Every structure is written in structure tokens, then in C-alpha cells.
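Numbered from 1 within each chain, the chains take letters A, B, ... in sequence-line order. No experiment lies behind these values; they were computed from the predicted model shown.
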Protein chains: 2
Amino acid sequence: MAATVVATHERADAAERILRAAIALFRERGYHGSSMRTLARALRMEAASLYYHFASKQDILFAILDRTLDGLLDGVGRAVAAVDGPPARLRAAVRFHVLFHAHRQHEAFLSGSELRSLTQANLRLVLARRDEYERVFRGLLSVGARAGVFQVGDVRLTAMAILTMCTGVATWFSDRGRLAPESIADRYVEMILRSVTRHPKGSPS
Amino acid sequence: MAATVVATHERADAAERILRAAIALFRERGYHGSSMRTLARALRMEAASLYYHFASKQDILFAILDRTLDGLLDGVGRAVAAVDGPPARLRAAVRFHVLFHAHRQHEAFLSGSELRSLTQANLRLVLARRDEYERVFRGLLSVGARAGVFQVGDVRLTAMAILTMCTGVATWFSDRGRLAPESIADRYVEMILRSVTRHPKGSPS
DNA sequence: CGTGCTACATAACGAACGTTAGATAGGTAT
DNA sequence: ATACCTATCTAACGTTCGTTATGTAGCACG
């Protein structure tokens, strides 16, 4: 029994390995551009064997996006709960968002680009949770605006601007690039805070 | 002869109609998720007939991205040439970029999302011109920073942040949405200028 | 020692894919 | 009238697709 548990953890179990390979493959070629045979080949398996772990190709995509949204919702919740006040909370949320899109770059990319490959039922589930995630940011902006520390003309628009800007990190970030995730996060936090912070006297332009 | 010209212009010629339909289809289902038969059906043609106008499915995708990059490079060139000084030029460039991604939303979206579906040779051509486009923005930031009117920690990073933020407009903009392209552009210009403009006395946070 | 479960493999299914070959209807030019 | 050109069609090609049915090696457990 204990031996079984250890063995299971020594190398990631098959379902986990499949998801990891699928993330890389879907990222590179897209969902429809990837075949079950190609995915299997990357894992040194036969395509039919994948069906022992997942009921369908669609289920693999959904599992990826579902887990990614788990990570986003859980992460942003922890990040904002750890500090107080709108500026600190927005900083924390932006910082988390950027770091997530650098560290879990490929799955994060898929969560934006492969929504169209989901079945209608799966899309509904994913979109509901993505909306929930976006509401966190809108909430932070609203609270800050009401408190007078933020100056945002339109909360929804500003939230989309912030999120798409940070989400974009997943499209161009490189492990071997010039900038570490932490540096990128710091700069993004700075830019975003500058653009939403209320200026007591006159606008800077 | 004159009659022929008139007839040609009365309704868009076939190649044009094919590109328009392909833009909508690729946007909705992705390149690999769209078939030549589905594209033909949208045009009330048979799939084989498409090959009279384009040599391959790949050629259709390339034509779309190529024309989109024409529009971007030409447009940003005109926009920045029309005004003087780094802040006005950055405003003009950002404004153009946002408006383009709202007005030509679907093709702009494809230019970011379907690069991976291009053959290596076509990808090289497209990327070279996309780099050229990005250099325009980096140039504007550099000049402004050297002139002391902008304060940007890292030109490349700031340029990517600005571009991905504005490019994101193509992912969520809706014709029937609450905000007109002009309003979005105005707000984006404001946010971006705020985040890069040098503050003479102390930082706002 | 055998029974059953886990995790794969082999082989095959029908459907859909991008693409090509060849025919044809309708207009234009000679 | 004839020859040609443009733009489409029908039919079919070989390939690949997601998926299913079935077989089997290795291990756990009684």
C-alpha cells in the first residue's frame, strides 16, 4: 500500500503526463492542429491507450483549462487576502497574474486561445469561472475608485486593459529571455498602478 | 471593357469574398478547425472551386495575415507622420493600433493567434514585418525617454506591454458593445500616456 | 496457483481532410 | 460560327482523423 503510494509519486502518473504533453502540443500546434496520434507519440504510447485515461480529446482540453482556472482563482484569492487596501491588493493581484502567466505560460495561453475549441457545455463552465476571475479585478478597481485612491474612467474597460496586458505575457515570455518573471511583474505592477492612481493635482499630460 | 470594370466592382470579386469569409471562419473555429468544404459552403461554392482562386488553404491564411500587416504598417506610418513630438506620436500610434484592432478585429486577431499555422517560410515573412511594426513603438518610447518626457524602465518590455494591451482589444471588442472604438482608444491612450509619462516630482505611489 | 485488475498494444472502423483531374456552362473576341 | 477564357462543377485520390473493440503482459491478492 505505502509502496504503491511511493511508486505513484516517484514519477507523475499517466494522466498527469498526458496533460503535460498535451499542454505543450496544443500550445505549439493548436487543439485542432494536434492529433491523438501525435500526442501519443510524444509519450511513447499508442493513440488508443490515451483512451484508458481520458474519454476523449475534448476531455483532455477541458481538463487543462479547468485546472488552469483552478490555479487562477485559488491564486488570486490568496494573493488579495494577504494584504489590505485597494492599492496593495491590486498590486498583489497584478503581480500574481503576471507570475502565473510566466510560470504556467503554456496552459495560461491555452485558456485564452482554445476556448473556441471547447464544446458548448464545457465552454459555459469555463467562461463562468473566467468571469468570476475578472470580477475580482473589477471589484478591486471599484473599491479603490470609490475610496478615491484610484481614478478609472470605466471599471470594466480598465479591468480588461489590465488583464489583457498581463495575459499577453504568456504569448511572448521566454524562460531563456532577458527578463525574469519577477522583474516583469514588478514593471507591470508599476505601470498599472501609475495608470490608475489618482493624481491629486492636475493630470500628467 | 468599361462594363467589365464596373461589373467587377459591383460586388467584390471572388478572391476578396473568399478572404472575407475565411477571416470570419478562421476566427471562429481556427485555421485547423476550419475545412475548405466549410469555407466553400459559406460562399455557396464547392470546395474544389476555391482552388481556382488560391493554390492552397495555406495561401488563404497567408494572404489574410499579409494584408493585415500591410494595413498595420501603412497605418501606423501615416499616424505618426502626421504629428510631432514623442507624446503626440505615441498617442497617434496607440490610437491607430486600438482603432485597427476594433475595426478590423477578426483579421487582427488572426495575425496573433494563427501564426503557428503558417508554414516556416510564410512565418518568417510575417514575423519580419511584425518586428518592423513593433520597432515603431520601441522607437517612439526610446526617443521620448532620451528626450526626458517618458520614463520607461525597459523599452522593449514597455513596448510589449502597450502592444499586447491594445492587441487584446481584438479579443473582446464587440460591435454591439457598450463602448465605441473611439471611446476605447481615448481611454487606452490616456492610460498608456499616464504610465509612461515622466513625473517631475516623486512617483505617484 | 489462479483470478482479476491495471495499463498498455494491435487492428480496424467510418468519416472527414486537402487536393487534383476532368467536364461544362456562359460569356467574350475573332 | 468558332474558338477561347473564366469560373464553376462532379468525382475521386490517398491520407489522416477520433474513436472503438479486442488482446495481453505484469502485478496484487486470495
Side-chain angles (χ1 to χ4, degrees), chain A residues 1-23 25-26 28-65 114 116-122, chain B residues 1-22 25-26 28-64 114 116-122:
Chain A
M1 188 88 129
T4 303
V5 171
V6 169
T8 305
H9 285 277
E10 260 170 9
R11 58 188 65 199
D13 74 320
E16 194 66 38
R17 283 171 47 238
I18 291 171
L19 288 181
R20 270 212 275 270
I23 287 167
L25 189 63
F26 291 171
E28 202 174 333
R29 314 196 193 186
Y31 175 75
H32 288 295
S34 309
S35 73
M36 294 294 272
R37 285 169 177 84
T38 307
L39 176 57
R41 197 174 309 127
L43 293 156
R44 296 168 206 278
M45 299 176 79
E46 291 302 315
S49 304
L50 296 169
Y51 288 84
Y52 180 77
H53 302 281
F54 292 93
S56 67
K57 186 185 177 188
Q58 171 72 204
D59 271 19
I60 295 176
L61 176 61
F62 180 69
I64 293 169
L65 301 195
E114 291 296 352
R116 62 186 171 193
S117 302
L118 289 171
T119 60
Q120 227 176 358
N122 284 339
Chain B
M1 188 87 128
T4 304
V5 171
V6 168
T8 304
H9 285 280
E10 260 170 6
R11 58 189 64 199
D13 73 320
E16 195 65 38
R17 283 171 46 238
I18 291 171
L19 287 181
R20 270 212 273 271
L25 189 63
F26 291 171
E28 202 175 334
R29 315 195 193 189
Y31 175 75
H32 288 295
S34 310
S35 75
M36 293 296 270
R37 284 169 177 85
T38 306
L39 175 57
R41 197 173 310 130
L43 294 156
R44 294 167 208 279
M45 301 177 80
E46 292 302 315
S49 304
L50 296 170
Y51 288 83
Y52 180 77
H53 302 281
F54 291 93
S56 66
K57 184 184 176 188
Q58 171 73 202
D59 271 19
I60 295 177
L61 176 61
F62 180 69
I64 293 170
E114 291 296 352
R116 62 185 170 192
S117 303
L118 288 171
T119 60
Q120 229 176 356
N122 285 339

Rounded off to whole Å, could you give me the [atom1]-to-[atom2] distance for the [X] and [N] pair?
X: A/R29; N: D/dC17; atom1: CZ; atom2: C1'; result: 14 Å
X: B/H53; N: D/dC5; atom1: NE2; atom2: P; result: 17 Å
X: A/F54; N: C/dC8; atom1: CZ; atom2: P; result: 12 Å
X: B/L25; N: C/dC17; atom1: CG; atom2: P; result: 11 Å
X: B/L50; N: D/dA7; atom1: CG; atom2: P; result: 14 Å
X: A/M36; N: C/dC8; atom1: CE; atom2: C1'; result: 14 Å
X: B/E46; N: C/dA21; atom1: CD; atom2: P; result: 19 Å
X: B/L43; N: D/dC9; atom1: CG; atom2: C1'; result: 15 Å

Minimum-distance nucleotide (side-chain atoms of [X] versus [options]):
X: A/S56; options: D/dT19, D/dG18, D/dT8; answer: D/dT19
X: A/A14; options: C/dC17, C/dC8, D/dT10; answer: C/dC8
X: A/R37; options: C/dA9, D/dG18, D/dC9; answer: D/dG18
X: A/A48; options: D/dT20, C/dA7, D/dG18; answer: D/dT20
X: B/Y52; options: D/dT19, C/dC8, D/dT8; answer: D/dT8

Give the intermediate values and the outcome of salt bridge (charged side-chain N to carboxylate O under 4.0 Å, His left out) for residues B/K57 and B/E114.
CA-CA 13 Å; B/K57 184 184 176 188; B/E114 291 296 352; over 6 Å; no

Which residue lies more 5' along DNA chain D, comparing B/Y51 with A/H32 via nearest heavy atoms:
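So the residue in question is B/Y51.
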
Between the side chains of A/E46 and A/S49, does any donor sit under 3.5 Å from an acceptor?
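Looking only at side-chain atoms, A/S49 and A/E46 do not form any donor-acceptor pair under 3.5 Å.
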
Quick check for you: to the nearest 0.5 Å, what is the distance between B/D59 atom CG and B/L50 atom CG?
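Those atoms lie 12.5 Å apart.
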
Under 4.0 angstrom between B/S35 side-chain N/O and C/dC17 OP1 or OP2
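Checking B/S35 against C/dC17: at least one side-chain N or O falls below 4.0 Å of OP1 or OP2.
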
How would you label the contact of B/S49 with the nucleic acid (heavy atoms, under 4.0 Å): base, sugar-phosphate, or nothing?
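Since a base atom lies under 4.0 Å of B/S49, the category is base.
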
Could you tell me whether B/S34 contacts a base, only the sugar-phosphate backbone, or nothing, with contacts defined as non-hydrogen atoms closer than 4.0 Å?
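Since only primed, P, OP1 and OP2 atoms lie under 4.0 Å of B/S34, the category is sugar-phosphate.
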
Closest approach of A/I60 and A/L19, non-hydrogen atoms and distance?
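Smallest interatomic distance, heavy atoms only, reads O-CD2, 3.9 Å.
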
4.5 Å side-chain heavy-atom contact, B/R116 and B/Y31
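B/R116 does not reach B/Y31 side chain to side chain.
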
